[in-house]
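No experiment lies behind these values; they were computed from the predicted model shown.
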Amino acid sequence: MKGQILDFSRPCRLSCLPEEDFSDRMETVVEPFLDQIRQPRFLKPSAAAGGAKDGSVSEPGLYCELYPNPDARATIAISYGFSESCQKYRELIYYFHSQGYQVAILDHRGHGKSFREVEDPSVVHVDLFTRYVRDFHRFVEKVVKPASCGKPLLLFGHSMGGCIGALYLEQYPQDFSGAVLSAPMLGLKLGACPPWAARVLCDFQVFAGRGKERLFTQSAFDPEEPFSKSSASSFARFSYYREIRRNTPECRTSCASYDWGREAINAGNFAVRPSQTKKIPVPVLLFQAGQDSLVTPSAQKKFISGVSRGRLVIVPGVRHEIYRASNETLAPYLETIFLFFDEICGG
């Protein structure tokens, strides 16, 4: 699939927060407003694969937030990326809410305020990627659907959360009326290391009993992380969340376990299979970042070409986290999302 380039000439209905005083606007406008309406909640984790009973993992369980909107035209469920948190999406939640949507977001297991299965707080670990999908299904059933009052459910998934979202759409094709997948992690960029070699390395470590240990190529949270090595294209947005991470221990996840590495490769390979993508009946809008250093565009194109109502939009000159681009890109990106959701919700 060739895809289309993001339309920068289209008028945008939303004015993004000015980057020159971004932190001040977040602290004085966005955060106070969202704090007033936020409904936090903990859920038991999904039933573990292999027969373990639901809730067998100790509390606090899965943390999630609902941002209700009494006049909502639909509910947007957010599935975020590797080593992220609910806190990182406050600006995006604010924009979605301002456009007449209510929003629900989940801290994936091993992230944010949700439970951890490893002692190292910087490591993201999961032994089976299907646990993410099952957790998200529990979140949809227990929080998103009851809050929707029968109105459409929409999915927004970024990176790892986009892969979770793709697998979710394939497994539960009737839950969502449409989905936006932003730079979904359907194939990892591994530099000079071919995927098969990375998989063999992870397999070896897992079989040696080191599955929960940190991948040797990755390191713990760096409070002085330079903007040049980040996945954001807006320095203001990068700086704001970096400061939050410095002051919030649960937001400092930064590296993967060997189990996670193996499962991420497997999950992407499975999600793009034609036998899987053909199961998705709803419209899917996939954004591809033009300067993405983390995920492969070929896997994204393979996936979206197999979705009957799929559409690919390429965003030039932007890094992996398109939702943290500079305003000149962020505004048309959001406008494209809103137009897509307008079509689903009936204008």
> Charged N to carboxylate O below 4.0 Å: is that the case for Asp222 and Arg252?
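The answer is no: the pair does not qualify as a salt bridge.
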> Is it true that Arg242 and Glu225 make a salt bridge, defined as a side-chain N closer than 4.0 Å to a carboxylate O?
no
> Indicate yes or no: does Asp120 engage Arg214 in a salt bridge with an N to O separation below 4.0 Å.
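The answer is yes: the pair qualifies as a salt bridge.
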> For the pair Arg237 and Glu91, find out whether any cationic side-chain nitrogen is under 4.0 Å from an anionic carboxylate oxygen.
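Yes.
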> Can you tell me if Asp175 and Tyr168 form a side-chain donor-acceptor pair at under 3.5 Å?
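Side chains of Asp175 and Tyr168: pair found under 3.5 Å.
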> Same cluster or not: Leu330 versus Tyr94, using hydrophobic residues (I, L, V, M, F, W, Y) connected whenever any side-chain heavy atoms lie under 4.5 Å apart?
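Yes, it is one cluster - the side chains of Leu330 and Tyr94 are joined through contacts under 4.5 Å.
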> Salt bridge (Lys or Arg N to Asp or Glu O under 4.0 Å) for Arg10 and Glu335? Distances and angles first, verdict last.
CA-CA 8 Å; Arg10 178 186 290 128; Glu335 181 64 22; 5.7 Å; no
> Which heavy-atom pair separates Arg210 from Tyr258 by the least distance, and what is that distance?
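Arg210 and Tyr258 have their closest heavy atoms at O-CD1, 3.4 Å.
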> Name the orientation class of the two ring planes belonging to Phe338 and Tyr101 (parallel below 30°, tilted from 30 to 60°, perpendicular beyond 60°).
parallel
> Under a 3.5 Å threshold, yes or no: a donor from one side chain and an acceptor from the other, between Tyr132 and Ser79?
no
> With under 30° as parallel and over 60° as perpendicular, where do the rings of Tyr89 and Tyr323 fit, or are they tilted in between?
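If you compare the ring of Tyr89 with that of Tyr323, the planes turn out parallel.
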> Determine, for Arg319 against Asp292, whether the closest basic-nitrogen to carboxylate-oxygen distance falls under 4.0 angstrom.
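Salt bridge between Arg319 and Asp292, a charged N being under 4.0 Å from a carboxylate O: no.
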> Name the orientation class of the two ring planes belonging to Phe136 and His108 (parallel below 30°, tilted from 30 to 60°, perpendicular beyond 60°).
tilted
> Go through the steps for Gln87 and Glu31 under the test side chain to side chain donor-acceptor pair (under 3.5 Å), then give the verdict.
CA-CA 10 Å; Gln87 181 65 41; Glu31 300 283 5; 3.1 Å; yes
> Regarding Tyr172 and Glu170, do their side chains bring together a donor and an acceptor under 3.5 Å, going by distance alone?
no
> Under a 3.5 Å distance rule, please check whether Ser305 uses its side chain to pair with a backbone N or O of Lys301 as donor and acceptor.
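Answer holds: yes.
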> Could you tell me whether a side-chain N or O of Ser254 sits under 3.5 Å from a main-chain N or O of Ser219, the two making a donor and an acceptor?
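Judged by distance alone, yes, a pair lies under 3.5 Å.
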> Does atom NZ of Lys145 have more than 12 heavy-atom neighbours, drawn from other residues, nucleotides or ligands, at distances under 6.0 Å?
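Yes, the 6.0 Å shell around NZ holds more than 12 heavy atoms from other groups.
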> Do you see a donor-acceptor pair shorter than 3.5 Å between the side chains of Tyr241 and Arg90?
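There is no such pair between these side chains.
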> Between the side chains of Asp135 and Arg138, is the shortest nitrogen-to-carboxylate-oxygen separation below 4.0 Å, so that they form an ion pair?
no
> Under a 4.0 Å N-O cut-off, is there an ion pair linking Arg246 with Glu243?
yes
> For the side chain of Lys279 and the backbone of Leu169, is there at least one donor-acceptor N/O pair under 3.5 Å apart?
no
> Should Tyr63 and Ile105 be counted in the same cluster of Ile, Leu, Val, Met, Phe, Trp and Tyr side chains packed under 4.5 Å apart?
no
> Regarding Lys88 and Glu321, does a basic nitrogen lie under 4.0 Å from an acidic carboxylate oxygen?
yes
> Test of understanding: clusters of I, L, V, M, F, W, Y form through side-chain heavy atoms closer than 4.5 Å, transitively. Do Leu154 and Ile304 belong to the same one?
no
> With no hydrogens and no angle check, is any side-chain donor or acceptor of Thr248 less than 3.5 Å from a backbone partner on Arg245?
no
> Checking side-chain polar atoms at under 3.5 Å, does Tyr333 have a donor or acceptor matched by the opposite partner on Ser182?
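There is such a pair between these side chains.
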> Looking at NZ of Lys2 and CD1 of Ile314, how far apart are the two atoms once the value is rounded to the nearest 0.5 Å?
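The distance works out to 9.0 Å.
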